[in-house]
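What you see is a predicted model; the values in this text were computed from it and never measured. Residue numbering restarts at 1 for every chain, and letters A, B, ... go by the order of the sequence lines.
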There are 2 protein chains.
Amino acid sequence: MTDPSDSPARRTAYAARVKDIERPLVTVDVVIFTLIADALQVLLVQRPSGAREPFPGQWALPGGFVDVAHDEDLRACALRKLRDKTAVESPYLEQLGSWGGRTRDPRGWSVTQVYFALLPWASLQPRKGSNAADVRWFPVDAANAAQTADGLAFDHGLILAAAVERLRSKVEYTSLPAFLLTEPFTLPQLQQVYEIVLRRPLDKSAFRTRALAAPDFLEEAGLQATGAPRAPMGYRLVKHLQPVTFPRTFQSRG
Amino acid sequence: MTDPSDSPARRTAYAARVKDIERPLVTVDVVIFTLIADALQVLLVQRPSGAREPFPGQWALPGGFVDVAHDEDLRACALRKLRDKTAVESPYLEQLGSWGGRTRDPRGWSVTQVYFALLPWASLQPRKGSNAADVRWFPVDAANAAQTADGLAFDHGLILAAAVERLRSKVEYTSLPAFLLTEPFTLPQLQQVYEIVLRRPLDKSAFRTRALAAPDFLEEAGLQATGAPRAPMGYRLVKHLQPVTFPRTFQSRG
DNA sequence: ATAATAGTGTCTTTTAGACAATATGTA
DNA sequence: TACATATTGTCTAAAAGACACTATTAT
C-alpha cells in the first residue's frame, strides 16, 4: 500500500489525494455448482435487457457490486449474493481468484472477486420455482461448449472455465465432491459423484479403501434404504467446513 | 473507464449510473520470497511516516493502489510493483488471493489482490544497494514471529502467514522451490532448498528419483564446478512459467 | 433361486523411505 | 591415498489398480 515514489513531498501529496484517486469498480461473482440428473451444473443469471446495461440479455455468473454500506467483507458479500439466488446459508464456499483489468467491463476498469460454491441440489428445491425466469442451471459441459462459445457476459466464460478446471483438479486429491451430496450419503453415491466430475470410472475397491482410510472424513450413519437390493451404509462428514486432502491423486480408469 | 467501441452518449449514461456507487479502495500487494543465506526471506517495505499515513513507519508488504490510467490488468499491476522494488522482470508470479473488508484500512472499505513471487536472490543483487533504507529482507520465521507479533501494517501479518502456508503446502507436491534458484542448479542444491522451505530433511535417493522422473521438469546442463570434490550435474528447467506437479506428496524424514 | 447391488480379498504395480554401496574429483 | 560429496542400487513399505470373489436382500 505504499507509494512507490521516493520523495517525501510526493508521498504526502499522494496520501492527500487518496480520496480523489480514481477507483476501479469492485464486484463479487459466485460460481455455484450442484449436481442435477447425474450432471454437474452451474447457476447462471440473465442480465437485464435495458439498453444502457452491459451485455443485455446475456447469461452471466450471479454477482454484483460490493455494497460498501452493508457488506462486512468479501466473503460476506459472496454469501449474500449466493443467498439471494439460492436461499442457501452455509454452503462450501472457497475463493477462486480475481479478474481485473481495463477492458473486461465497458463501464470502466473493474475487478471481480470470484468465489465458488458447492451445494446439494436437494437443499434448494423449495426456492426453485420462485424466480425461474432469469435464473437457470446449465450443465457445465454444455455451458463450456455452447455458452462459452456464444459468450457469457463479461469474461465470465473464462472464469467459469477456470472454476471447472479448479474443481476437477482438486477432486483428484480432495473430498470436495462430498459437498455436492445431502447427508447421509452412501459410498456408491459418493463414487458416482467423483466419476461424474472427473468424467472417468474409478475402481470400487481402491475408492472405498481410500475414502474409509482418510482421517476425519466419514462417520457411519446407519444403513440406508435406497431401494438397492442390499442396503448400503450411510455416512456423514466429520467436518463440514473443510475438505479432506488425500496423500495421492487418483490414477486408475477402473 | 472508457471503451472506444461505445458511443459517447452510452458511455456517459454508464458513468452517471455507476458513479453513484461508492467504490472500495483497490490495491495490489506482492509477497516476494527469495533464498538468502540458506533461509527463506520475504521483502518488506517501511510505510511513510507522515501523520496522515496509515500505519506510519511500520513494515508492510510492497504494493499500492491500482493505477487505473496505467495498469492494464491486475497481473501487470503486480509486475509493476515487483519491478519497482526488485528490478526483476519475469519472476514466477501467482495469485494468492484477495482480502477485502470494511476495517482493514482506516481510509475505508478496501480490497487487496495479493500475488506471490519466487525469485533467485542472485537475480537482484545489482539493484540491492540503491534503496536499502526502507526496503529490507526478513527471514520468514522471524517475520512470522517478531513482525507478525509486532504487527505488520494493515492485515499484512495474516496475508504473509497465508502466503507462507501456501508456499509450504505447494512445495510438498510441486517444483516451486526451483524458482528460488539460478540456473543451472544441481540436485543437491535443489534438495537443500526443499529442506529449507519444508524445514525437514528429505531422503537423497527418493528425492533424485522423483525429480528426474518428473516429465518436463529438468534437462541436463553439463557438470558444474561448485567446489565439491565430485562435480555434480547441472540442470535447467524445461518450463519456466509453470511448476511441475508430482503425483504424491513428500513423506519421509530422510 | 436369481438378479442386482454392496462390500471384501488377493495379487500386482508403482513409488517412496531407509540405507548401504559405488563413483569421482580435490587436497 | 584419504576424504568429501555425488550418484546408484537394494530392500522394504505403503497405497493404489485390476479383478475376482462373497454378502445381502428384493423379486
**Report entry** Short side-chain N/O contact from B:R208 to OP1 or OP2 of D:dT8, under 4.0 Å
**Finding:** yes
Query - Rounded distance in Å - CG (B:L212) to P (D:dA6) - result: 14 Å
Distance-only donor-acceptor pairs under 3.5 Å for side chains of residues 217-235 of chain B, two or more places apart:
residue, atom, partner, partner atom, Å
B:Q224, NE2, B:A221, O, 3.4
B:Q224, NE2, B:G222, O, 2.9
B:T226, OG1, B:A228, N, 3.4

Report task. Examine B:R210 relative to B:F207 and say whether NZ or CZ is less than 6.0 Å from the centre of the six-membered ring and inside a 45° cone about the ring axis. Result -> no
Query raised in the report: How many Å lie between CZ on B:R200 and P on C:dA16, as a whole number?
Result: 13 Å
**Report entry** side chain to side chain donor-acceptor pair (under 3.5 Å) partner of B:E94, the single match among B:R166, B:R75, B:Q242
**Finding:** B:R166
**Report entry** Geometric class of the B:F246/B:Y194 ring pair [parallel <30°, tilted 30-60°, perpendicular >60°]
**Finding:** tilted
Report summary line: note: A:E195, atom CD; D:dG17, atom P; distance rounded to Å ~ 12 Å
Query raised in the report: For the pair made of NZ in A:K204 and C1' in D:dA16, what is the distance, rounded to whole Å?
Result: 16 Å
Query raised in the report: Separation of B:D203 atom CG from D:dT10 atom C1', in whole Å?
Result: 13 Å
Query - Contact under 4.0 Å: A:R248 side-chain N or O vs D:dA16 OP1/OP2 - result: no
Query - Charged tip of B:R104 within 45° of B:W99 ring normal and under 6.0 Å - result: no
Query raised in the report: Reckon B:S205 touches a base, only the sugar-phosphate, or nothing at all at heavy-atom distances under 4.0 Å?
Result: base
Query raised in the report: How long is the line joining CD of A:E172 and P of D:dG17, in whole Å?
Result: 10 Å
Report task. Starting from the 5' end of DNA chain C, give me the residue, A:G234 or B:F246, whose nearest nucleotide shows up first. Result -> A:G234
Query raised in the report: Relative to the 5' end of DNA chain C, which residue comes earlier, A:T186 or B:F207, by the nucleotide with the nearest heavy atom?
Result: A:T186
Query - Contacting residues from residues 219-231 of chain B, given that a heavy atom lies under 4.0 angstrom of DNA chain C - result: B:P229, B:R230
**Report entry** Distance-only side-chain donor-acceptor flag, B:S98 / B:Q113, under 3.5 Å
**Finding:** yes
Report summary line: Taken to the nearest whole Å, CZ/B:R210 to P/D:dT8 is 18 Å
Query - CD/B:E165: more than 12 non-hydrogen atoms of other groups inside 6.0 Å - result: no
Query - Distance in angstrom units between A:Q192 CD and C:dT5 P, rounded - result: 11 Å
